[in-house]
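Below is one structure, written out as structure tokens, with a few remarks after it.
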Amino acid sequence: MTDSWANQHLSGEPISGADLHLELHGLAPGPGPRTGLRAGLMDALREAVRTGRLTPGTRLPSSRSLAADLGIARNTVADAYAELVAEGWLTAQRGSGTRVAARAEPRRPAPAPPRTRTTRRRPTYSLLPGSPDLAGFPRAQWLAAARRALMTAPYEALELGEARGRVELRTALADYLARARGVYADPGRIVICSGAVHGLMLLGTVLRARGVRAVAVESYGLDLHRNLLVKAGLRTPALPVDERGARTEELADDPEVGAVLMTPAHQFPTGMALHPDRRAAAVDWARARDGLILEDDYDGEFRFDRQPVGALQGLDPERVVYLGTASKSLAPGLRLAWMVLPDELVGEVAAAKGPVDWVSSSLDQLTLAEFIASGAYDRHVRSMRLRYRRRRDQLVSALAERAPDIRVTGIAAGLHAVVELPPGTERSVVEAAAWQGLAVEGMTRFRHPSAGAVAPGGTAAPGGSDALVVGYATPPDSAWAGALDALCRVLP
């Protein structure tokens with residue numbers, strides 16, 4: 001900070017213009033004539049524009065403000081600005097100040113394409129699973145909730161909050177989860193985290209510190225989740241999955257397993273719901289082993305053919321950790337998720353997160369709390385449930401008409417469906433889709449490294465050994481018909 005800036009500020013004179021960092025090299029400091037000052041200032045401004053630090057349209061500080069910051073005469077700055085305007089580097093108009101001119105950038109040679117016989121097209125359409133229809137994000141309702149939340153937020157809400165998250169959001173979630181998902185949820189049991197991945201990272205740290213050596217995972221699932229647990233120092237043996245969901249009766253086979261990660265409401269990616277007998281078996285195992293069930297309820301609100309299955313956590317809140325997220329119901333970019341924990345884990349998870357909430361914006365938490373409490377969240381979920389149900393129905397109808405030998409499996413729920421393929425065709429279909437500009441994943445992509453295509457006991461893996469996992473929620477409405485047509489064209 002220059003003395004002139006400080007004197008101006010302390011005297012109460014208004015400061016105008018934006019801060020601008022310039023290095024004026026080769027100028028003699030101190031009183032007396034300072035030759036080359038205008039030329040040095042012009043060189044510094046040209047260099048800032050040339051290197052992209054000042055982009056076209058950027059408004060520069062006023063000559064008075066910049067002169068005060070640099071401790072030089074205002075006329076020197078005004079003359080430098082005038083010459084750069086004449087050269088075409090800057091523009092000046094009454095009322096809009098001095099700005100960087102829109103200049104033609106030097107054209108760089110395009111990089112040579114890779115030396116391959118053919119070049120694949122960039123995807124025109126995406127049916128990758130895991131993302132909602134982001135065009136359906138309720139912008140107006142979210143903005144209204146943000147405005148109400150900000151207007152009523154206490155001053156302390158702008159500070160770093162406690163590790164568990166804002167009490168307003170935890171209270172709103174406790175009411176919603178109990179009502180909509182059958183979760184036994186008290187605000188004191190809830191910890192807010194920055195996405196489900198962040199929650200798993202915290203749980204992995206806590207479980208390893210407790211002496212847990214292995215966390216069983218479903219034989220089909222996200223490698224990202226497995227890798228997080230492995231990074232925490234935990235083994236991740238595969239729990240077989242069949243047409244009734246994870247085979248929880250086999251949890252007792254590995255004495256080192258102290259916890260299991262499951263998606264009971266809608267197994268990802270096979271699309272099955274965990275059978276009631278296996279839900280009970282999982283809870284019995286956790287009680288007998290003093291173990292934990294990590295319930296990933298990533299899209300449990302989206303069941304189309306019946307009332308959504310309630311959360312497994314309601315069977316034993318002291319043996320089940322419930323993980324929920326706004327990534328599927330609203331948008332992954334919000335980075336908001338939550339864990340409903342057994343009482344004995346709350347302190348340990350909060351300690352693993354740190355003394356304060358470093359990762360989740362207090363204002364975003366307050367906005368989501370207001371969004372839920374006002375009923376806007378319920379209305380949005382119902383609206384998206386209808387949209388996704390129509391998408392799934394259209395997918396089933398199109399395949400029945402254009403590829404009658406292809407079957408869609410899994411319950412009518414969530415944001416994706418499993419499309420079975422003839423044996424030995426999965427890889428060729430995925431590659432053909434890529435050539436047609438369609439991004440889609442095969443079932444093999446989600447298989448645990450130690451799991452085969454056929455489950456133990458001779459039971460075929462859900463979706464068969466070859467299948468596509470089709471994310472029908474991903475395309476916006478404008479691209480849905482084209483994506484569906486591209487899919488039908490590449491199927492056997």
Side-chain angles (χ1 to χ4, degrees), residues 128-132 191-210 212-241 245-248 250-251 254 256-274 282 286 291-300 311-313 320-329 332 335-341 345 349 352-353 359 410 414-416 418 441-451 461-463 469 471:
L128 297 176
S131 178
V191 172
I192 306 301
C193 46
S194 180
V197 166
H198 180 217
L200 276 179
M201 291 171 61
L202 296 173
L203 290 170
T205 300
V206 169
L207 290 172
R208 192 69 186 90
R210 282 180 151 232
V212 174
R213 302 182 65 179
V215 176
V217 297
E218 294 165 322
S219 58
Y220 285 82
L222 290 174
D223 56 358
L224 172 62
H225 292 174
R226 294 194 300 267
N227 293 340
L228 287 172
L229 296 172
V230 169
K231 190 174 182 179
L234 299 160
R235 229 174 20 93
T236 57
L239 186 64
V241 172
R247 298 175 63 165
T248 54
E250 298 186 20
L251 282 169
D254 188 337
E256 287 192 347
V257 171
V260 57
L261 173 63
M262 295 195 301
T263 50
H266 188 217
Q267 203 283 324
F268 184 86
T270 65
M272 305 298 175
L274 187 62
L292 287 170
I293 300 168
L294 313 183
E295 178 182 14
D296 182 0
D297 195 37
Y298 67 102
D299 66 358
L312 181 63
Q313 190 262 8
V320 181
V321 175
Y322 177 90
L323 294 106
T325 177
S327 293
K328 304 298 184 289
S329 57
R335 309 313 305 142
L336 284 173
W338 42 89
M339 294 180 285
V340 184
L341 300 161
L345 279 184
V349 172
K353 192 179 179 188
V359 293
L415 283 64
H416 73 276
V418 175
E441 293 279 17
M443 179 66 74
T444 306
R445 161 72 176 77
F446 303 100
R447 187 184 302 155
H448 193 287
S450 67
V469 183

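None of the values given here were measured: they were computed from a predicted structure.
Across all non-hydrogen atoms, the minimal contact from Thr263 to Phe268 is OG1-N, 3.1 Å. For the pair Arg447 and Ala451, the tightest heavy-atom approach, listed with the atom from each and the gap, is CD-O, 3.1 Å. Heavy-atom minimum distance, Met262 versus Val260: CG-CG2, 3.6 Å. When all heavy atoms are compared, the tightest approach of Pro237 to Val257 is CG-CG2, 3.8 Å. Scanning both residues, Leu323 and Ala196, for their nearest heavy atoms gives CD2-O, 4.3 Å.
Residues passing the side-chain contact (heavy atoms from CB on, under 4.5 Å) test with Arg208, sequence neighbours excluded: Leu234. With sequence neighbours left out, Gln267 forms a side chain to side chain donor-acceptor pair (under 3.5 Å) with Glu218, Thr270. A search for side chain to side chain donor-acceptor pair (under 3.5 Å) contacts involving His266 returns Tyr298, Asp299, not counting sequence neighbours. In terms of the side-chain contact (heavy atoms from CB on, under 4.5 Å) criterion, residue partners of Val469 (sequence neighbours excluded) are, by chain and number, Pro129, Pro269, His416, Met443, Phe446. Every residue two or more places apart in sequence or in another chain that forms a side-chain contact (heavy atoms from CB on, under 4.5 Å) with Asn227 is listed here: Asp223. Every side-chain contact (heavy atoms from CB on, under 4.5 Å) that Ser194 has, sequence neighbours left out, goes to His198, Arg335, Val359, Ser360. For Thr205, there are no side chain to side chain donor-acceptor pair (under 3.5 Å) partners two or more places apart in sequence or in a different chain. Partners of Asp297 according to the salt bridge (Lys or Arg N to Asp or Glu O under 4.0 Å) rule, which considers only residues two or more places apart in sequence or in another chain, are Arg181. Every residue two or more places apart in sequence or in another chain was checked for a side chain to side chain donor-acceptor pair (under 3.5 Å) with Ser219, and none qualifies.
More than 12 heavy-atom neighbours from other residues, nucleotides or ligands sit within 6.0 angstrom of CZ on Arg210.
The structure places CG of Leu224 at 8.5 Å from CG of Leu200, a figure rounded to the nearest 0.5 Å. For the atom pair Leu239 CG and Glu250 CD, the distance stands at 6.5 Å (nearest 0.5 Å). Atom OG1 in Thr236 sits 10.0 Å away from atom CG in Leu261 (nearest 0.5 Å). In this structure, Leu274 CG and Thr248 OG1 are separated by 5.5 Å, a value rounded to the nearest 0.5 Å. The CG atom of Leu203 sits 8.0 Å away from the SG atom of Cys193 when rounded to the nearest 0.5 Å. Interatomic distance, CG of Leu228 versus CE of Met201, reported as 6.5 Å (0.5 Å rounding).
The closest side-chain heavy-atom distance from Val191 to Leu341 is below 4.5 Å. At least one side-chain heavy atom of His225 sits less than 4.5 Å from a side-chain heavy atom of Asp296. At least one side-chain heavy atom of Arg226 sits less than 4.5 Å from a side-chain heavy atom of His448. For the pair Val321/Leu345, a side-chain contact is recorded, criterion being any heavy-atom separation below 4.5 Å from C-beta on. Using a 4.5 Å heavy-atom threshold, the side chains of Pro132 and Ser327 count as separate. In this structure, Leu202 and Met339 have side chains that are in contact, with non-hydrogen atoms separated by less than 4.5 Å.
Judged purely by atom type and a 3.5 angstrom limit, Gln313 has no side-chain atom pairing as donor or acceptor with the backbone of Val320. Looking only at distances, a side-chain donor or acceptor of Lys353 sits under 3.5 Å from a matching main-chain atom of Ile192.
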